[in-house]
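Throughout, numbering of the chain's residues begins at 1 and tracks the sequence. Just so it is clear, the structure is predicted and the values come from calculations on it, not from any experiment.
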Amino acid sequence: MTHCPYCALQCAMRVTSESPDSAAVVSPAEFPTNRGGLCRKGWTAADLLTSPERLTQPLLRGDDGELHPVGWEQALDYVARAARETTAASGPDGIGLFGGGGLTNEKAYLLGKFARVGLGTSRVDYNGRFCMSSAAAAANRAFGLDRGLPFPLEDLGEADTILLLGSNVADTMPPFVQHLGSARRAGGLMVVDPRRSATAALTGDGGGIHLAPAPGTDMALLLGIAHVVVHEGLGDKDFTAARTSGYAAVVRSLNAYWPERVQAITGVPAPLIRETAHRLATGASRGKREGRGAYVLTGRGVEQHADGTDTTTAAINLALLLGLPGTEHSGYGTITGQGNGQGGREHGQKCDQLPGYRSIDDPGARRHVADVWGVDAGSLPGAGVPAVELLASAGAPGGIRTLFIHGSNPVVSAPDAGAMTGRLRSLDHLIVCDFFLSETAAEASLVLPVPQWAEEEGTMTNLEGRVLRRRQSVQPPEGVRSELWIWSELARRLGASSAFSPDPQTVFEELRLASAGGRADYSGIDYQLLDSGAAVYWPYPAGSAGTPRLFLDGFAHDDGRAVFHPVHPVHPVHPSGAVEQAGRVLTLITGRLLAHYQTGSQTRRVRELADAAPEPLLQVHPSTAASIGAGDGEMVELSSPAGTARCRVERSVDIRPDTVFMPFHFPGAGRANLLTCDDVDPVSAMPEFKRTLVTLRVIAPEAGHGAAPDVWQVVAQRTEPV
């Protein structure tokens, strides 16, 4: 048994083949997260293993500007030479590494070690900065510890009340929906989304409530719900008195958000705001009496904003007011997206962290990890810069000159994607590890072919903090090498002062030691324990039985209390300072489709998935589309301060008239991130993906001839300054 290569649900599956020469096939396996189910992405995952587009040998760009096959010795010599030349000319911080939330724990760990010991650079971060950083920052400051779901996913199946904000799990991780059944049957599923997404539709027929606020007003909505909880006496005052600090300040901060005012800001009717608060309070009370509690869950829709940390904090504050976190049958959690989005941020590929979720600026943490690595703590670089700043520095004066990219495709995924290709081309050296020639790999100086999920051993950590075994099911093609092997070979060539092993189990044993005593302590976990089928939740210190449910005995701050942080929305004019145009603009939100995953580098190469969603479609309300004469399938151009993109219209009443939705899985002119800006949350450095002001026009068939059609204009709801 192994686990799916896609999302953080990490559905269990079996990969089998009739003979070594026959194609592998996937079948679902029984496991608590997926309960024997798979989505269409999981069912077709084995198709990737025999894709004709698979990379099987290194590709080096020649003097003719083209990529040509070379041997591994030549490829590694090139990388070592590039590292030495860059360090000599620009210092160690002239080299950058950009990792991914799909890498195994072993790879994430060794990538951070290779950066800091093999190359001596501080310039390392990963694409989780684009999707989990705001939730992590909010949880750390409220609870003292960040684990996506601080309880087993199965706990949701016993709840009769769930408030789900900014996550379309019915499309992004369909087996998750099984865990919402109890809440739906009780009429207690409440979904916050500007669209009537597949998940929001689950609230129909008495299943619950769909709240559709204007994009970017989620914080105001949460403050309005919290206002009702406080001012109508619905909160758990015993809990807040015994287990939290900062209560008085957060109560004062809610005074300005009575439901009628919040209705004016968000568009959500005041009676629905009150009903949501009362439903949550009833669920919380029932959880204490009957074991059928209430949960508040957040996803990228409320987190991928320039104020995403504060919006997530507003959700946590609401949960704390109700007494949900740290209890047996209720709680707060965030839904991790990438396959190893949880483990990937724990063990050292973030710019400010060392293994075990330790701060790189903590002298004690530096000494501990340096001792494990056998190096002097003073030789370790300090904190680097987060992803957006790291990538923006590519080729710029004082920025990085050589960049390693592992498990990521920023040409499609990064904000302000129109600038990304030019930045990568301005580098002296771009080294990309991938198993397909992604849009980013196509820009590389050197592409190194690496194994896919079913071809490697390792561990992953899913959305509930459960550590899992990824088991090799098939042999990789001849010529493919693991990143662990690549880094160990490069470390040897560069004369690194610490040992680097290509063996996953050996690397995991070192990870255990490096994480010991940290917030994400894996020291009590080994491959034998994982292979036994035990449910293994971190923190799992040596000698313990792990921690399926966090915070039952206290939160992770020194005094054991959770901390309220008052937050306020700000006027959501585009953070780049986009001027109020002569007309008014729509708000673009982006997200995922059922058929695709991340930048589509994998799923667009699976025929069944590509046929299901061959191109991006812009979801537009019929009244909005009618205003510019756009019918289904007509090509439109979207413009923002960052750039322009083109795609076809899909008319739908499932979206607000002031909002349009575009999936982000596609390259070329249909890249949603051609429109998004690179402004970031000041706390988490999360980019603003979910609130982009755009204008929209129909592209005439004879584009380029005659007058351009009028731009459609509409008022976007805005949050008032306070």
Establish, from distance only, whether the side-chain atoms of Asp310 and Thr313 form a donor-acceptor pair under 3.5 Å.
-> no
His3 and Phe31 aromatic ring geometry - parallel, tilted or perpendicular at 30°/60° bounds = perpendicular
Please say whether more than 12 non-hydrogen atoms of neighbouring residues, nucleotides or ligands are located less than 6.0 Å from CD in Glu158.
-> no
Going by distance alone, is a donor N or O of one side chain under 3.5 Å from an acceptor N or O of the other, for Tyr357 and Ser515?
-> no
Roughly how far, to the nearest 0.5 Å, is CG of Asp238 from NZ of Lys288?
-> 9.5 Å
Between CG of Asp146 and CE of Met132, what distance do you get to the nearest 0.5 Å?
-> 6.0 Å
State the CG-SG distance between Leu594 and Cys39, to the nearest 0.5 angstrom.
-> 6.5 Å
Between Ser134 and Ser684, does any side-chain donor sit less than 3.5 Å from a side-chain acceptor?
-> yes
Tyr597 and Thr172: side-chain donor and acceptor closer than 3.5 Å?
-> no
Phe689 and His305: aromatic ring centres closer than 6.0 Å?
-> no
Any ion pair linking Lys350 and Asp125 (charged N to carboxylate O, less than 4.0 Å)?
-> no
Taking the inter-plane angle between the rings of Phe551 and Phe555 on a 0 to 90° scale, is it parallel (under 30°), tilted (30 to 60°) or perpendicular (over 60°)?
-> tilted
Looking just at side-chain N and O atoms, do Gln338 and Tyr6 make a donor-acceptor pair shorter than 3.5 Å?
-> no
Between His621 and Asp654, do the side chains contain an N or O donor and an N or O acceptor separated by less than 3.5 Å?
-> no
Check for a donor-acceptor pair, side chain of Ser285 on one end and backbone N or O of Thr282 on the other, with a separation under 3.5 Å.
-> no
If we ignore angles and hydrogens, is there a donor and acceptor under 3.5 Å between the side chains of His227 and Glu232?
-> no
Under a 4.5 Å cut-off applied to non-hydrogen side-chain atoms, are His210 and Arg196 in contact?
-> yes
Could you grab the distance from atom CD of Gln598 to atom CG of Asn127, nearest 0.5 Å is fine?
-> 7.0 Å
Please check if any side-chain donor atom of Thr334 sits under 3.5 Å from a side-chain acceptor atom of Arg300, or the reverse.
-> yes
With Arg549 as the cation and Phe151 as the aromatic partner, state whether NZ or CZ is under 6.0 Å from the six-membered ring centre and within 45° of the axis.
-> no
Donor-acceptor side-chain pairing of Thr161 and Arg279 below 3.5 angstrom | yes
Between Asp681 and Thr309, a side-chain donor and acceptor under 3.5 Å = yes
Would you say the side-chain atoms of Thr311 and Glu303 include a donor-acceptor pair closer than 3.5 Å?
-> no
Worked verdict on Asn462 versus Leu9 for side chain to side chain contact (heavy atoms under 4.5 Å, CB included) = CA-CA 6 Å; Asn462 74 353; Leu9 200 58; over 6 Å; no
State whether a side-chain donor-acceptor pair under 3.5 Å links Ser197 with Asp171.
-> no
Just checking, is any N or O donor in the side chain of Ser523 or Asp521 under 3.5 Å from an acceptor N or O on the other one?
-> yes
Return yes if a side-chain donor-acceptor contact under 3.5 Å exists between Gln619 and Arg195, otherwise no.
-> yes
Are Arg261 and Tyr257 in a cation-pi setup, meaning NZ or CZ lies under 6.0 angstrom from the ring centre and within 45 degrees of the ring axis?
-> yes
Exercise: do Asp193 and Asn168 side chains pair donor with acceptor under 3.5 Å = no
Taking atom types as modelled, is there a side-chain donor on Asn140 or Arg519 under 3.5 Å from an acceptor on the other?
-> yes
From OG1 (Thr240) to CG (Leu322), nearest 0.5 Å = 10.5 Å
Gap separating the CD1 atom of Ile316 from the CZ atom of Phe143, nearest 0.5 angstrom | 4.5 Å
